[in-house]
Amino acid sequence: MRLDHLSFAAGPDGLAATAERIGAQLGTQFVDGGVHPRFGTRNVLLPLADHTYLEVVEVLDHPASDKAPFGQAVRARSALGGGWLGWVVAVDDITVVEQRLGREAVVGNRYRPDGTELRWRQIGVNGLIADPQLPFFVQWEIPAELHPSHGAAGDYSLACLEIAGDPQRVSEWLGETVEAPLEDVKVEWVAPHGTPGVLAVQVQTPHGLVRI
């Protein structure tokens, strides 16, 4: 179990403008990730060190976005002006999570601009919708060299997550201590009685630490 990526929902100015604004803060550019046909969303990506990445995602005018929990989550967050949607944990065997949560994972896929298909299974988005401090889980079904973090320059890395919430609650959701997937990333737990969720992310860049 490890931290895989963080999702940021596009604001009212759309995916391109949101990604350009964040990229300008970081001093770099996001790359086109492609469309998630099963979820009615699309994303752009920023590969980071340690097999992690950032994504900016937006909902499409597509029936899938009304049916799929991920599409619903993105739509709701964007309707509030955009911002951090949540964090995502990668696991080697998602059947363990399925058994603990009592439901089956769903298949996800997207096609990169070069036509390469990426496939994974995910579970827990409904948990994130109900309680945004909780991550959801993915199991990638692709070779390591196709993971979205591949090709990271190495001088951009996650330094700190600021999460409003209760680490004990998150540990219960993970089925193990919250430190397990976050051992390489500092976490500041703030506002335990406020609105839960990812408040900010600190990224180490060649130009210093940037808080988004």
Side-chain angles (χ1 to χ4, degrees), residues 3-48 52-89 106 108-113 118 120 122 124-136 138 148-149 156 158-165 188 190-191 193-203 205 207-212:
L3 178 64
D4 190 74
H5 67 277
L6 291 140
S7 292
F8 190 100
D13 50 352
L15 181 68
T18 301
E20 185 175 341
R21 173 170 50 81
I22 296 175
Q25 288 178 263
L26 296 172
T28 188
Q29 292 182 328
F30 285 73
V31 297
D32 187 5
V35 172
H36 310 103
R38 297 172 185 267
F39 304 148
T41 55
R42 64 175 178 174
N43 69 356
V44 293
L45 309 165
L46 177 63
L48 300 172
T52 60
Y53 66 97
L54 301 181
E55 73 169 355
V56 181
V57 61
E58 78 171 352
V59 72
L60 301 173
D61 185 15
H62 188 281
S65 66
D66 295 323
K67 298 177 182 178
F70 186 72
Q72 295 170 6
V74 175
R75 186 184 300 279
R77 190 69 181 90
S78 291
L80 294 174
W84 289 110
L85 179 67
W87 54 297
V88 185
V89 171
V106 299
N109 74 310
R110 66 176 169 83
Y111 291 91
R112 300 192 316 197
L118 306 187
W120 65 91
Q122 68 183 50
V125 175
N126 282 323
L128 177 148
I129 291 173
D131 189 354
Q133 68 181 305
L134 303 178
F136 66 92
V138 298
S149 67
Y156 283 84
L158 287 173
C160 179
L161 304 185
E162 299 175 30
I163 303 177
E188 294 180 358
V190 297
H193 304 297
T195 302
V198 177
L199 294 185
V201 174
Q202 297 176 29
V203 180
T205 79
H207 325 290
L209 199 62
V210 178
R211 182 176 184 269
I212 302 169

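Computed over heavy atoms, backbone and side chain alike; hydrogens, waters and symmetry mates excluded.
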4.5 Å side-chain heavy-atom contact, [X] and [Y]:
X	Y	value
Val201	Phe8	no
Phe136	Val89	no
Phe30	Leu54	yes

Check residues 33-44 and write down every donor-acceptor pair under 3.5 Å in which the side-chain atom is one partner and the other belongs to a residue at least two apart or another chain.
| residue | atom | partner | partner atom | Å |
| --- | --- | --- | --- | --- |
| His36 | ND1 | Thr41 | O | 3.4 |
| His36 | ND1 | Thr41 | OG1 | 2.8 |
| Arg38 | NE | Asn109 | OD1 | 3.2 |
| Arg42 | NE | Glu58 | OE2 | 2.6 |
| Arg42 | NH2 | Glu58 | OE2 | 2.6 |
| Asn43 | ND2 | Glu55 | OE1 | 2.7 |

Test salt bridge (charged side-chain N to carboxylate O under 4.0 Å, His left out) applied to Asp32 - qualifying residues, sequence neighbours left out: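 Testing Asp32 for salt bridge (charged side-chain N to carboxylate O under 4.0 Å, His left out), a comparison that skips the adjacent residues, returns none.
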Just one of Leu158, Leu48, Leu85 clears the side-chain contact (heavy atoms from CB on, under 4.5 Å) bar with Leu6, so which one?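 The side-chain contact (heavy atoms from CB on, under 4.5 Å) with Leu6 is passed solely by Leu158 among Leu158, Leu48, Leu85.
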Pair Val106, Phe70 - check side chain to side chain contact (heavy atoms under 4.5 Å, CB included), show working. CA-CA 11 Å; Val106 299; Phe70 186 72; over 6 Å; no
Closest heavy-atom contact between [X] and [Y]?
X	Y	answer
Asn126	Pro69	OD1-CB, 3.5 Å
Gly81	Pro12	O-CD, 3.6 Å
Trp87	Val198	CD1-CG2, 3.7 Å

Could you name each residue pair satisfying salt bridge (charged side-chain N to carboxylate O under 4.0 Å, His left out) that touches residues 71-83, not counting sequence neighbours?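 Pairs touching residues 71-83 that pass the test: Asp66-Arg75.
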For a quick test of your reading: what N or O donor-acceptor pairs under 3.5 Å do the side chains of residues 18-25 make, sequence neighbours left out?
| residue | atom | partner | partner atom | Å |
| --- | --- | --- | --- | --- |
| Thr18 | OG1 | Gly11 | N | 3.1 |
| Thr18 | OG1 | Asp13 | OD1 | 3.2 |
| Thr18 | OG1 | Gly14 | O | 2.7 |

Between Thr28 and Thr205, does a side chain to side chain contact (heavy atoms under 4.5 Å, CB included) hold up when you go through it step by step? CA-CA 9 Å; Thr28 188; Thr205 79; over 6 Å; no
Quick check: does any side chain N or O of Tyr156 sit under 3.5 Å from a backbone N or O of Leu26, one acting as donor and the other as acceptor?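 Judged by distance alone, yes, a pair lies under 3.5 Å.
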Side-chain donor or acceptor of Ser78 paired with backbone N/O of Ala10 under 3.5 Å: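 Side chain of Ser78 to backbone of Ala10, a donor-acceptor pair under 3.5 Å: yes, one is there.
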Extract all donor-acceptor atom pairs below 3.5 Å that involve side chains of residues 128-135 and protein atoms in other chains or at least two apart in sequence.
| residue | atom | partner | partner atom | Å |
| --- | --- | --- | --- | --- |
| Asp131 | OD1 | Gln133 | NE2 | 3.1 |
| Asp131 | OD2 | Gln133 | NE2 | 3.2 |
| Asp131 | OD2 | Arg169 | NE | 3.4 |
| Gln133 | OE1 | Asp166 | N | 2.7 |

Those residues that, when tested against Ser149, pass side-chain hydrogen bond (donor to acceptor under 3.5 Å, both in side chains) (two or more places apart):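 Only His147 meet the side-chain hydrogen bond (donor to acceptor under 3.5 Å, both in side chains) criterion with Ser149.
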How would you list, by chain and number, every residue that makes a side-chain hydrogen bond (donor to acceptor under 3.5 Å, both in side chains) with Trp120, sequence neighbours excluded?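 Checked Trp120 against side-chain hydrogen bond (donor to acceptor under 3.5 Å, both in side chains); matches are Gln122.
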With Ala200, which residues qualify under side chain to side chain contact (heavy atoms under 4.5 Å, CB included), at least two apart?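 Counting only residues at least two positions away or on another chain, Ala200 forms a side chain to side chain contact (heavy atoms under 4.5 Å, CB included) with Glu162, Arg211.
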Does a sphere of radius 6.0 Å around CD in Gln29 hold more than 12 heavy atoms from other residues, nucleotides or ligands, not counting ones at 6.0 Å or beyond?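 Counting neighbours around CD of Gln29, 12 or fewer heavy atoms of other residues, nucleotides or ligands fall under 6.0 Å, so no.
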